[in-house]
Amino acid sequence: MSTTPAPENQMEAIVSLAKRRGFVYPSSEIYGGFNGFFDYGPLGVELKKNIRDCWWNDMVRRRDDVVGIETSIIMHPKVWEASGHVAGFTDPLVDCKVSKQRYRADQLFFAPVVIDGKTVGYVSALESEKTAEDLQAAAESFKRKKGIQGTLLPVAIRDMTEAQPDEIALIPSPATGEPGSLTEPRSFNMMFQTNVGAMTDGSSVAYLRPETAQGMFVDFKNVIDTTRVKLPFGIAQIGKSFRNEITPRNYIFRSREFEQMEMEYFIHEDADWSQCHQEWIEWCRQWLISVGLPESHLSLYAHPKEKLAFYSRGTVDIMFKYPFGVQELWGIAARGSYDLTQHANASGKPQEIFDETTKKKFVPHVIEPAVGVDRIFLAVLCAGYAEEDVTDEKGNVEKRTVLRLSPRIAPVKVAILPLLKNKEALTNRAKALYTKLKRNYAVQYDDGGAIGKRYRRQDEAGTPWCVTIDFDTVEKEGDTFTLRERDSMAQRRITETELLALLAEHVY
RNA sequence: GCGGGUGUAGUUUAGUGGCAAAACACCACUCUUCCAAAGUGGUUUCGACGGUUCGAUUCCGUCCACCCGCACCA
């Protein structure tokens, strides 16, 4: 019988296991932790590296039409002006301290109520089709209620980004109608700033990249000039990105420093982008399945047209059912020629390709599958985590915690276990096998404690197979070991040749 | 950023204004012929800072972190 912990406890159990076994630690923990940042421990770094390697192998090396690059994390500040991040990543927000409502400052409007040339108060309104009328009506109502005589001037509308500090306390909250509860507009540009060089004035400001994608666009010309790629082709990159998230949440799901795997697939301007988009969505879905995510936990979400960024022709997210809800895992966006055009305009360097048939130059369009390594990491942990009730020979029921990770990404592929550690014949054979296997695979040698305990220890680490060197190995013909499978706990005898074949088949 | 909750060992949790504990884990030794065996020994803890107090892990304050809800997530 298998039991799954209730959803409200599952994240806790996973976080606890991840810490206990050395997958994920809170960042800077001895200083009390640091919100939005995480460290990956010895098992975690292996798992993460395997996720990256699988993606790189499948996306770059095993394809003829995708090449890889690695661009710098800090790029010329103009990159982010051209991409729209300097302007678009800023969202000044205003809070109402009484109602706890939060407003975008540029969508919250106000006006002074001016009677006989004297400002007697303020009115406010949210952005709508008739903001001006609303404010005018509010001003008239204000005048009536206060019983002030005189001539009311037409209201002069401004939004909260233009409010003077001494005005903010006088502007009523749209929620309560009373002044005094609104905060100053706070700017939340999500790009981390730093300074390059010795000077720290405005001229030296640079940004930590909030996405790796711009590297592919900025190096587009370099790649087509120095390699033999022909449309359609992709440029891929894996690397760290940084976003100063207002509220990091859900463990490593939304953190301030994270790792992206992005690919920009460039196609002819006349190509059927919709079909290409669909093909990449399916490719990504199959890839997720290939690293062990159950199809049942995956779903697609097409962004509604009216919510798309103006340059986007369509964005589909592959969603994953996390314990805390169905959340975005992999976004596949059709971005048209927006990015290359932006950089062409900003840099003055055309980003074009020559079409031999039409003898015309054009800017390619792009399909962008973008995924976070950390989100896949969390997904495989959540999907693989299980607690089972197992009954032993005496009828005792015990809990088994197991991490069902695909052999492709499991941090340890095989554990080599001598049945007993005080019998040299066993340990010598085990060490020889260990030495041989570790040249090509991540393997562990473990002779500590009883065999059952070692099996369970490997279960928690997600090791798909254990190989036990027993007396039959060294005393009987055939040099066979016990192969114990993590998921079924089944055992069978296997030769070294068969073990190598098993690994070659499942670890790729 | 707001409201609520929570911080004690690697993990899960007891407990107290006066020597800080248990289980599991981990390490060592003995033992052990296939699913968290047994014995002995051992390492490790009151999130940080300040206040009250003769004395604070405990009470108070501030901060930090984590969880839940709201808001936010070009």
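This structure is a prediction, so every number in the text was calculated from the model and none was measured. FYI, side chains are in, hydrogens and waters are out, and symmetry mates aren't considered; it's all heavy atoms of this structure. Chain letters run A, B, ... following the sequence lines, proteins first and then strands; every chain starts at 1.
The interatomic distance linking Arg20(A) (CZ) with A25(B) (P) rounds to 10 Å, in whole Å. Distance Arg21(A) CZ to C24(B) P: 15 Å, rounded to the nearest Å. What separates OH of Tyr25(A) from C1' of C66(B) is a distance of 19 Å, to the nearest Å. Counting to the nearest Å, the P atom of A71(B) and the CD atom of Glu245(A) are 17 Å from each other. Counting to the nearest Å, the C1' atom of C35(B) and the CZ atom of Arg400(A) are 9 Å from each other. Look at CG on Leu426(A): it is 15 Å from C1' on C31(B), rounded to the nearest Å.
The aromatic ring centroids of Phe253(A) and Phe324(A) lie less than 6.0 Å from each other.
Each of Thr401(A) and Ile30(A) was assigned the nucleotide of RNA chain B with the nearest heavy atom; the assignment lying further toward the 5' end belongs to Thr401(A).
Straight-line distance between the P atoms of G10(B) and U6(B): roughly 23 Å, to the nearest whole Å. Rounded to the nearest Å, the gap between the P atom of G1(B) and that of U62(B) is 15 Å. A28(B) and U13(B): their P atoms are spaced 29 Å apart (whole Å).
Between His303(A) and Tyr301(A), the ring planes are tilted. Angles from 30° to 60° get that label.
The nucleotide G18(B) finds its pairing partner in C54(B), both defining distances of the Watson-Crick or G-U wobble pair being shorter than 3.5 Å. Figure legend. A37(B) is base-paired to no nucleotide; pairs are counted as Watson-Crick or G-U wobble with both atom distances under 3.5 Å. Across all strands shown, C2(B) forms a Watson-Crick or G-U wobble pair, both distances under 3.5 Å, with G69(B). Base pairing of G47(B): its partner is C63(B), meeting the Watson-Crick or G-U wobble criterion (both donor-acceptor distances under 3.5 Å). In this entry G10(B) has C24(B) as its Watson-Crick or G-U wobble partner, both defining distances falling under 3.5 Å.
Within 4.0 Å (heavy atoms only), Lys421(A) reaches at least one base atom of the nucleic acid. At the heavy-atom level, Asn422(A) lies under 4.0 Å from base atoms of the strands shown. If you check every strand for non-hydrogen atoms under 4.0 Å, Glu485(A) touches nothing. Within 4.0 Å of Gln458(A), counting heavy atoms only, lies no atom of the nucleic acid at all. Within the nucleic acid shown, Arg454(A) has no heavy atom closer than 4.0 Å to any nucleic acid atom. Residue Ser16(A) is in sugar-phosphate contact alone, with no base atom involved, counting any heavy-atom pair closer than 4.0 Å across all strands shown. Residue contacts for Arg249(A): at a heavy-atom cut-off of 4.0 Å it reaches a base atom on one of the strands shown. Here Phe37(A) lies out of heavy-atom contact (under 4.0 Å) with every strand.
Listed by chain and number, the residues in a salt bridge (Lys or Arg N to Asp or Glu O under 4.0 Å) with Glu81(A) amount to none (sequence neighbours excluded).
Atom OG1 in Thr482(A) sits 7.5 Å away from atom CG in Asp472(A) (nearest 0.5 Å).
When distances are taken from the side chain of Lys453(A) to each of C26(B), U32(B), C73(B), the shortest belongs to C26(B).
When the side-chain nitrogen and oxygen atoms of Asn35(A) are compared with OP1 and OP2 of C66(B), one or more of them lie within a distance under 4.0 Å. At least one side-chain nitrogen or oxygen of Arg457(A) sits closer than 4.0 Å to the OP1 or OP2 atom of C26(B).
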